[in-house]
Amino acid sequence: MGLKEQLMQDYKDAMKAGDQIRKETVNLVRAAVKQHEVDSRKEIEDDNEIVSIIKKQVKMRTDALADFAKAGRDDLTEAYNKEIEILKAYLPEEMSAEEIMAAVKKIAEDSGIERSMKSMGQMMREVMAELKGKADGSAVNKAVKDFLSGKDE
């Protein structure tokens, strides 16, 4: 079963179970997928596209959490945390910091990139191309900086 079908099934299950937060969250993701299909004028067949849409939804909610905390809106913070938890269930497992660093070292070794901060752009391009969808961009950036500045040892 593809991710699109999984979302539909989970939506139905949440409706039957009376789980309002899950139903609304899944429905928002389904709407975002549908909007992407309308905008691009083609149906999404690839789960990776849906994963990127879900990641955007998680990022939007994560960014909003800081604003809610500043405003003292604990009710919204709690609701968004639940939504983020629900959305993360659809995302593939991300790599750990150790796995990212191992990949950075291997890519640097394979491509012969000089170990200095001047190589940051080239190194980030290589690593992100390799780890796209498997690791968080900020974690990759930190690992590459640590590697190039010699803090990885």
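Count residues from 1 along the sequence. Here the structure is a predicted model, which is why all the values come from computation and not from measurement. Values reported hereafter were calculated over all heavy atoms of this structure, with side chains retained and with hydrogens, waters and symmetry mates removed.
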*Which pairs count as side chain to side chain donor-acceptor pair (under 3.5 Å) when at least one residue sits in residues 120-131, sequence neighbours excluded?*
none

*Between M128 and N141, does a side chain to side chain contact (heavy atoms under 4.5 Å, CB included) hold up when you go through it step by step?*
CA-CA 9 Å; M128 286 307 290; N141 186 297; over 6 Å; no

*asked:* Please check: side-chain N/O of E37 versus main-chain N/O of E43, any donor-acceptor pairing under 3.5 Å?
replied: no

*Applying salt bridge (charged side-chain N to carboxylate O under 4.0 Å, His left out), which residue pairs with at least one partner in residues 14-24 are found, sequence neighbours left out?*
D19-R22

_Does either side chain, that of E85 or that of N81, offer a donor lying less than 3.5 Å from an acceptor on the other one?_
no

_Closest heavy-atom pair and its distance - T77, A69_ = OG1-N, 4.1 Å

*Say whether L7 and M60 are linked into one hydrophobic cluster, either directly or through other cluster members, by side-chain heavy-atom distances under 4.5 angstrom.*
no

*Decide yes or no on salt bridge (charged side-chain N to carboxylate O under 4.0 Å, His left out) for E109 and R115, but give the supporting numbers first.*
CA-CA 10 Å; E109 185 181 302; R115 194 169 181 166; over 6 Å; no

_Residues I100, V127; criterion side chain to side chain contact (heavy atoms under 4.5 Å, CB included); working and verdict_ = CA-CA 9 Å; I100 294 170; V127 174; 5.5 Å; no

_Main chain of G2, side chain of D47: is a donor-acceptor contact present, judged purely on distance under 3.5 Å?_
no

Ignoring hydrogens and angles, write down the donor-acceptor pairs under 3.5 Å from the side chains of residues 86-96, residues two or more places apart or on other chains.
residue, atom, partner, partner atom, Å
Y90, OH, D10, OD2, 2.5
S96, OG, E98, OE1, 3.3
S96, OG, E99, N, 3.2
S96, OG, E99, OE1, 3.4

*Between V140 and V144, is any pair of side-chain heavy atoms under 4.5 Å apart?*
yes

*Start with the C-alpha distance between D46 and V51, add both sets of side-chain angles, then the distance that settles side chain to side chain contact (heavy atoms under 4.5 Å, CB included), and finish with yes or no.*
CA-CA 9 Å; D46 186 19; V51 166; over 6 Å; no

_Nearest 0.5 angstrom please: I44 CD1 to I53 CD1, how far?_
3.5 Å

_Give me each pair satisfying side chain to side chain donor-acceptor pair (under 3.5 Å) with a member in residues 61-70, each pair once, sequence neighbours excluded._
Q57-R61, K59-D63, R61-E83

*asked:* Run the side chain to side chain contact (heavy atoms under 4.5 Å, CB included) test on R30 and V33 for me, step by step, so that the C-alpha distance in whole Å, both residues' side-chain angles and the decisive distance to 0.1 Å come before the verdict.
replied: CA-CA 5 Å; R30 291 180 56 238; V33 169; 5.7 Å; no

*According to the ring-ring contact (aromatic ring centres under 6.0 Å, His included) rule, which pairs have a member within residues 36-64, sequence neighbours left out?*
none

*Is there a chain of hydrophobic side chains (I, L, V, M, F, W, Y, each step under 4.5 Å between heavy atoms) that links M120 to F147?*
yes

*Closest approach of L148 and S119, non-hydrogen atoms and distance?*
CD1-C, 4.0 Å

_I'd like to know whether NZ of K145 has more than 12 heavy-atom contacts from other residues, nucleotides or ligands below 6.0 angstrom._
no

*asked:* If you compare all heavy atoms of M123 against all heavy atoms of A108, which two are closest, and at what distance to 0.1 Å?
replied: CE-CB, 3.4 Å

*Say whether I50 and Y11 are linked into one hydrophobic cluster, either directly or through other cluster members, by side-chain heavy-atom distances under 4.5 angstrom.*
yes

*Report the C-alpha distance between K82 and E78 in whole Å, list the side-chain angles of each, state the deciding distance to 0.1 Å, and finish with yes or no for salt bridge (charged side-chain N to carboxylate O under 4.0 Å, His left out).*
CA-CA 6 Å; K82 286 180 184 174; E78 186 179 323; 3.6 Å; yes

*Can you get from M101 to M124 by hopping between Ile, Leu, Val, Met, Phe, Trp and Tyr side chains that sit under 4.5 Å apart?*
yes

*Output every pair passing ring-ring contact (aromatic ring centres under 6.0 Å, His included) with a member in residues 41-89, not counting sequence neighbours, ordered by first then second residue.*
F68-Y80

_Salt-bridge criterion met for D39 and R41 (N-O under 4.0 Å)_ = no

